[in-house]
Amino acid sequence: MEKRMTQQDLFKLKPLLAVLAASLALAACSVGPDYVRPQMDTGPAVFKEGQHWKPAQPRDLMADGKWWEMFGDPQLNALADQVDISNQNLALAEANFRSAVALVQSSRSAYAPTLSASAGASRGRSGSAGSSSATSSGTSTSSSSSGSVRNAYTFSLTASWEADIWGKVRRDVESSQASAQASAADLAAARLSAQAQLAQNYLQLRVLDAQQQLLEDTVQAYQRSLQVTQNQYAAGLVAKSDVIQAQTQLKSAQASALDNGVTRAQVEHAIALLVGKTPAQFSLPRAPLTAVAPPVPQGVPSMLLERRPDVAAAERRVASANAKIGVAKAAYFPSLTLSASGGYQSSTFADWFTLPGRVWSLGPQLAQTIFDGGARAAATDQAIATYDGTVATYKQTVLTAFQEVEDNLAALRILEQEAAVQGEALQAARQAVTLVTNQYKAGTVSYVNVITAQATALSAELTSLSILNRRMAASVLLAKALGGGWDGHSLDDLGPLQQQTADKARGLKDNAALR
């Protein structure tokens with residue numbers, strides 16, 4: 001017989017509807033603290049070391065985030081573009097970001113009800129208990145029936161939904177969203193780190209090329225000096241010791257030139273790794289250093305809180321940990337689950353989906369943990385401790401960011417002064433070599449004076465190149481310390497980045513399939 005919902009049934013459902021309405025009304029509640037960004041004292045309006053520099057336009061230095069273009073080297077620009085395509089550390093960071101985005105969707109799924117379906121068919125027999133009777137002789141006999149064989153056909157749909165009365169789901173979604181934003185900032189930090197390492201290595205490679213050229217020129221000069229000494233020895237003007245000293249000086253310069261090649265090869269291999277290639281697949285021919293030290297970018301300390309991806313990642317993890325406190329505290333309150341099921345049940349296949357076989361149920365369930373041995377209190381304490389730890393990490397990250405900016409501003413300021421002084425020393429050393437060489441040819445000084453002057457000049461040349469390398473590295477590190485043109489507001493909408501990483505992941509899969 002068909003079961004219809006009567007007015008009386010509706011009347012009986014009024015308490016359930018009241019519970020549902022109350023749960024929806026309470027759905028705006030969320031336990032746990034609302035997030036407030038930890039306060040940081042950014043100090044004065046300018047960096048301590050920034051007071052010594054003339055401000056430069058940030059647009060000129062970090063246009064579109066391509067800060068490496070400020071060095072004016074086309075080869076560096078081309079290599080930096082390859083980092084974003086082939087670097088495997090970036091691929092790992094992108095995979096972590098996509099995983100974090102998937103966790104956000106997983107958290108949001110708790111807002112929706114769950115719906116499950118089941119169908120089954122069975123055949124079985126139910127037995128009946130035996131009966132016994134007493135005889136006149138005091139014995140008993142038993143009899144049993146074989147029972148009945150029955151078929152059972154069932155089909156049902158079950159839906160359940162847990163009302164988010166205390167904001168547990170909302171806090172969980174809030175936490176996963178903040179974690180996804182932190183992962184996006186981690187990706188930006190990994191990209192910036194790889195680009196900065198590439199720029200440092202490339203500029204060092206060009207300095208090594210300049211150093212190699214200097215050593216080769218020095219070898220040629222020492223060969224000429226050796227030839228002069230040998231001619232004078234043959235003429236009986238100098239002792240054999242002068243020839244030996246000239247030979248020793250020449251061989252030392254040749255050894256230095258060879259040793260410079262070891263460092264250059266290793267730096268070239270490091271660049272290959274950054275662009276996602278094996279050393280055998282990558283080579284950079286020698287070339288002169290054309291890059292120039294860029295002007296010093298300026299900013300205010302408070303800008304670091306929005307332009308450093310590592311700072312943004314640390315702050316987003318604070319937000320995620322704060323939301324987890326609400327998730328832990330929601331466990332203290334009862335949970336309300338609304339469930340409904342409906343389907344068909346019949347003993348014959350022909351009547352399986354007929355109205356007389358229809359069954360349904362509807363009802364709420366309120367559950368509350370009364371005793372758990374302190375598990376909820378421990379979970380809450382753990383969430384609070386984790387939050388305190390992320391706050392400390394965030395503040396330390398900010399302090400480290402300030403230190404890195406000040407360190408590199410100071411390095412650039414002092415190295416600029418050192419370069420000027422070293423330039424004067426180099427000029428004097430070159431003049432000394434010319435004067436002492438002429439004096440030696442005239443026979444007024446010994447060859448030891450020539451060797452000393454030449455060694456001093458070579459040392460001055462190498463020191464000048466070392467200072468140049470340090471200035472270039474400090475410029476790169478300063479750009480990195482200032483965030484490389486990254487903008488923290490990009491975390492407000494992760495959609496474009498999510499699409500970009502998804503497209504790149506599909507491209508990698510397609511390339512792998514082609515191989």
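FYI, side chains are in, hydrogens and waters are out, and symmetry mates aren't considered; it's all heavy atoms of this structure. Position 1 is the first residue of the sequence, and the numbers go up from there.
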_Quick one: does any side-chain atom of Thr380 pair with a main-chain N or O of Arg376 as donor and acceptor, under 3.5 Å?_
yes

*Output, in order, the C-alpha distance, side-chain angles, deciding distance and verdict of side chain to side chain contact (heavy atoms under 4.5 Å, CB included) for Arg98 and Val101.*
CA-CA 5 Å; Arg98 287 186 283 114; Val101 171; 5.6 Å; no

*Would you please name every residue forming a side chain to side chain donor-acceptor pair (under 3.5 Å) with Asp172, sequence neighbours left out?*
Ser107, Lys324

*Partners passing side chain to side chain donor-acceptor pair (under 3.5 Å) against Glu174 (at least two apart in sequence or in another chain)*: Arg171

*Supply the atom-to-atom distance Asn87 CG to Gln195 CD, rounded to the nearest 0.5 angstrom.*
9.5 Å

*Which atom pair, heavy atoms only, marks the closest approach of Leu203 to Ala291?*
CD2-CB, 3.6 Å

*Report yes if the side chains of Arg150 and Arg123 come closer than 4.5 Å at any heavy-atom pair, otherwise no.*
no

*asked:* To the nearest 0.5 Å, what is the distance between CD on Gln204 and OG1 on Thr263?
replied: 7.5 Å

*Quick one: closest heavy-atom pair of Met472 and Ala293, and the distance?*
CE-N, 3.6 Å

*From CA spacing to verdict: side chain to side chain contact (heavy atoms under 4.5 Å, CB included), Tyr387, Val318*: CA-CA 6 Å; Tyr387 169 80; Val318 175; 3.6 Å; yes

*Would Arg307 and Asp487 pass as an ion pair if we require N to O under 4.0 Å?*
no

_Within the supplied structure, the quantity of interest is the number of heavy atoms (other residues, nucleotides, ligands) at a distance under 6.0 Å from Gln39 CD; does it exceed 12?_
no

*Could you tell me whether the side chain of Asn322 reaches within less than 4.5 Å of the side chain of Val36, counting heavy atoms only?*
no

*Just wondering, do Trp68 and Lys66 contact through their side chains at under 4.5 Å, heavy atoms?*
yes

Output side-chain donor-acceptor pairs under 3.5 Å for residues 275-282, partner residues at least two apart or in another chain, one line each.
{"unit_1": "Thr278", "atom_1": "OG1", "unit_2": "Gln281", "atom_2": "N", "d": "3.4"}
{"unit_1": "Thr278", "atom_1": "OG1", "unit_2": "Gln281", "atom_2": "OE1", "d": "3.2"}
{"unit_1": "Gln281", "atom_1": "OE1", "unit_2": "Thr278", "atom_2": "N", "d": "3.1"}

*Is Trp360 reaching over with its side chain to a backbone N or O of Ala340, donor-acceptor style, under 3.5 angstrom?*
no

*Would you find a donor on one side and an acceptor on the other, under 3.5 Å apart, between the side chain of Glu162 and the backbone of Thr337?*
no

_So Thr154 and Tyr344, do their side chains get closer than 4.5 Å, heavy atoms only?_
no

_My understanding is that only one of Arg308, Lys395, Arg37 makes a salt bridge (Lys or Arg N to Asp or Glu O under 4.0 Å) with Glu315; could you say which?_
Arg37

*Output, in order, the C-alpha distance, side-chain angles, deciding distance and verdict of side chain to side chain contact (heavy atoms under 4.5 Å, CB included) for Arg317 and Asp186.*
CA-CA 11 Å; Arg317 288 189 171 89; Asp186 286 339; 2.3 Å; yes

*How many angstroms lie between atom CG of Leu205 and atom CD of Gln266, to the nearest 0.5 angstrom?*
12.0 Å

*Determine whether the side chains of Ser118 and Ser156 contain a donor N or O and an acceptor N or O closer than 3.5 Å.*
yes

*Donor-acceptor pair, Gln88 side chain versus Ser86 backbone, under 3.5 Å?*
yes

*Show your working on side chain to side chain contact (heavy atoms under 4.5 Å, CB included) between Trp67 and Leu482 and close with a plain yes or no.*
CA-CA 10 Å; Trp67 53 269; Leu482 291 173; over 6 Å; no

_Keeping Asn96 on the side-chain end and Ser183 on the backbone end, is there a donor-acceptor pair under 3.5 Å?_
no

*Does some side-chain heavy atom of Ile165 sit less than 4.5 Å from a side-chain heavy atom of Phe333?*
no

*Taking Gln200 for its side chain and Val476 for its backbone only, find out whether a donor-acceptor pair lies under 3.5 Å.*
no

*Taking the side chain as every heavy atom from C-beta outward, state whether Phe71 and Val292 have any atom pair closer than 4.5 Å.*
no

*Do Asn201 and Gln197 meet the criterion of a side-chain donor-acceptor pair at a distance under 3.5 Å?*
yes

_Closest non-hydrogen atom pair, Asp310 against Ala189_ = N-CB, 4.3 Å

*asked:* Return the CG to CG distance between Leu187 and Leu494, rounded to the nearest 0.5 Å.
replied: 10.5 Å

*Spell out, as yes or no, whether a donor-acceptor pair under 3.5 Å connects the side chain of Trp166 to the backbone of Ala331.*
no

*CE-OG distance between Met70 and Ser475, expressed to the nearest 0.5 angstrom*: 6.0 Å

*Does Ser490 reach the side chain of Leu497, with side-chain heavy atoms less than 4.5 Å apart?*
no

*What are the two closest non-hydrogen atoms of Ala474 and Leu412, and how far apart are they?*
CB-CD2, 3.7 Å

*May I ask you to test the Arg206-Gln75 pair for a side-chain heavy-atom distance under 4.5 Å?*
yes

*Side chains of Ser361 and Ser341: donor-acceptor distance under 3.5 Å anywhere?*
yes

*Is a donor on one side and an acceptor on the other found under 3.5 Å between the side chain of Tyr332 and the backbone of Ala377?*
yes

*So which heavy atom on Trp486 is nearest to which on Glu306, and how close?*
CZ3-O, 3.6 Å

*Taking the side chain from Ser179 and the backbone from Ser175, do they hold a donor-acceptor pair closer than 3.5 Å?*
yes

_As an exercise, state the distance from CD of Gln500 to CZ of Phe97, rounded to the nearest 0.5 Å._
9.5 Å

_Closest heavy-atom pair and its distance - Pro38, Tyr394_ = O-CE2, 3.8 Å

